[in-house]
S.K.: 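First the structure, which I've put down as C-alpha cells, then a few questions once you've had a look.
Naming convention: chains lettered A, B, ... in sequence-line order (proteins, then strands); numbering from 1 in each chain.
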Amino acid sequence: MVKAGNWRTRLYLSIMFRVTGRAIQAAGRRDPELREIFAALPPGFSFRLSVWPDGPELNIETDSSTLPRYGGSKGASDPSLHMEITSPAHAMALFTFAESTTMSAARGRLVTRGDLSHACTMVRVLDRVETYLLPRPIARRAVKRYESPQKKHRMRLAVWLGIIFSRGGSRS
Amino acid sequence: MNNSLRYSFSFHPGPSLFSGYHALAQLPYELHRRGIRRPAVLYRKDREGERLVKGIRNLSFGSQCTPVYASYQEPPPEYDGVIVLGSHGDPPGSFHGAPMFLILTDFQTCREVSRNAEGIFPEAVFLDPSYYAPFNTEHTAATAVIALTLLLESLQDDRMNPLSFSWTYSGIDHIIGSADCLKTLEGRHGVANAAVSAGITASNTGFGAVSTLAEALAVSGFADRAETCYALLPYVLDKLASQEGMEQLNQFIEHPVTRLQQLLEQLSQLGGLGTQKQQIITLAGCTRSIADSPQSEEIMQFLSILQGVTP
C-alpha cells in the first residue's frame, strides 16, 4: 500500500518525532517546571502524538517516579491522551514551525482524544521543550508565548545531550 | 416583556469550511471521520479536471479511502459520498442524498454553499489556493461582483441578524481587501472566501431580486450572472443608503455607499463587465412594470429583449 506523503516528508517527520520524544524525556527529567507538570499528571499517564493515517508516532509514559519515559513508536494500546495530526502536510507545517501547536489545534489539524486539561498540559510541555530545542527566532514562531526559562543555555545543552545519548524507546 | 427578549432570530450555520494552504489535506481525514470509504469524485474531463484529480489521488494515499473517479454524466454504480471538484454546474439528481464535499475556487456562482441550491447542500467546503486554476481575472472579478450583490441584498432583508451580519461584513471586507490585488493568489483566495460567505448569508436571508433575476437570465442564456449584477447593483446601493443595514455597515466602513460604488466600478473594469448593461436595465424595468400591471405590450417588450432584439 502506498504510504501518505512523499519519502522526504516521512523521513523528516520520523526524525523530528524521535528528537521531540527524546527531548520530552530529557527535559522532563531535568527542568524543575516540567517535573512539576508531570508530577501533577495521574499515575500511569500515557500520551501519544501521531500522524494520521500511517505516519510516525511518539509515545510518552510516566513511570512510578512520575518522570516521563519516551517509548518510541511502542506505547499503550489505549493511551490516556491521544493527539492526532490529521495529515502529513499538516504535520510538516507543525514540525517545520510554520505554525504553532496551538494554531494547529485551532485550525482543526490536531484532533485530541482524552481529557482536555491533559491536552492543555501536553501542549505546554511541547511548547517548553521547543524553547529548549530551537533558537529563539524559530521558537517564537513555534510556541504561543515565548518565555525564556532560567538557566536556558545550560538546560538546552543537557536536553541535546539527553537526545543524543539516551536510549529512548529501548530503555526498559 | 422587554424588546431584547422579544427579539428572536434563527441562523443556519453553513457547511464545515476549510480555507487556506493545506486545507485540502484535511479531506481524507474528514471522509474517514464520517466512515466514507468509497467516495465518487466528480470532475470534468478536461486539463483542469485532470490536474485536480491528480491532487486528490496524492492526498488519498495511505488512507483506507478508495475514491471512484467519474464524470458528471457517468455516475459510478457504488459510492458512499460525493466529492465535487470545481463549481461548474450541479451534479445530477442521482447523486442527491450522499454526503457531499465541495472543492471550490475563485470561480463560483456563490450558490454552491447555499441552502437554496437544489439538493447540493454540502457537508464540507474546501478552499485551497494551491489547487486554484491558472488565473483568469475576468472570472475572479465576476465572482466578486456576484458575491457583492448577494451580500448587499442580504443587508436589506428583514431576516438579517447579528450572525448573518458578521458573515456579510466578513464577505464585504474580503472583497474590499482583494480588489486591489485580484491578479494575485491572495486576492483570488479573498474572493473565494467572500463567495462562500455570500452563499452562507444567502442561505439565511434568502436571495434578493437582483440575484434571482441574474440566475434566471443566466439559465436562459441571456446574460452572465455578473453582467446582471453589475447592471442592477447601483439600484440596490441607492436603496440601501437609507436603510438600517447600511447604518450597521457605517460602523465598520467609512462612507460605505461611495466606497462600494468605487469597488463595483473597479471590479467591472477588471472583469470587462458592462456590455449588456442597458439591455438588462430595460429588461428589469419591464419585469417591474409587468408585476405592477401586466399589459401585453410590456410582455412583448420583455420577450423581445430576452430574444436578443433591442426594443
S.K.: Taking heavy atoms only and a threshold strictly under 4.5 Å, list by residue number the residues of residues 186-198 of chain B that touch chain A; give 'none' if the list is empty.
M.R.: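 Under the 4.5 Å heavy-atom cut-off, nothing qualifies.
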S.K.: In terms of heavy-atom contacts, does NZ of A:Lys152 have more than 12 from other residues, nucleotides or ligands at under 6.0 Å?
M.R.: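 Buried by this count: over 12 neighbours within 6.0 Å.
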S.K.: Tell me whether the rings of A:Trp52 and B:His32 are parallel (<30°), tilted (30 to 60°) or perpendicular (>60°).
M.R.: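 Answer is tilted, since the angle falls between 30° and 60°.
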S.K.: Are more than 12 heavy atoms from other residues, nucleotides or ligands located less than 6.0 Å from atom CZ of A:Arg124?
M.R.: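 Result for CZ/A:Arg124: open.
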S.K.: Under the side chain to side chain contact (heavy atoms under 4.5 Å, CB included) rule, what do B:His22 and A:Arg109 come out as? Steps first, then yes or no, please.
M.R.: CA-CA 10 Å; B:His22 302 307; A:Arg109 295 167 175 190; 4.1 Å; yes
S.K.: Flag the pair A:Glu84 / B:Tyr29 as yes when at least one side-chain heavy-atom distance between them is below 4.5 Å, and no otherwise.
M.R.: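 A side-chain contact under 4.5 Å exists here.
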S.K.: So do the side chains of A:Arg107 and B:Gln26 get within less than 4.5 Å of each other, counting heavy atoms only?
M.R.: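 Contact flag for A:Arg107/B:Gln26 side chains = no.
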S.K.: Can you establish whether the number of heavy atoms outside A:Arg18 located under 6.0 Å from its atom CZ is more than 12?
M.R.: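 It does not: A:Arg18 CZ has 12 such atoms or fewer within range.
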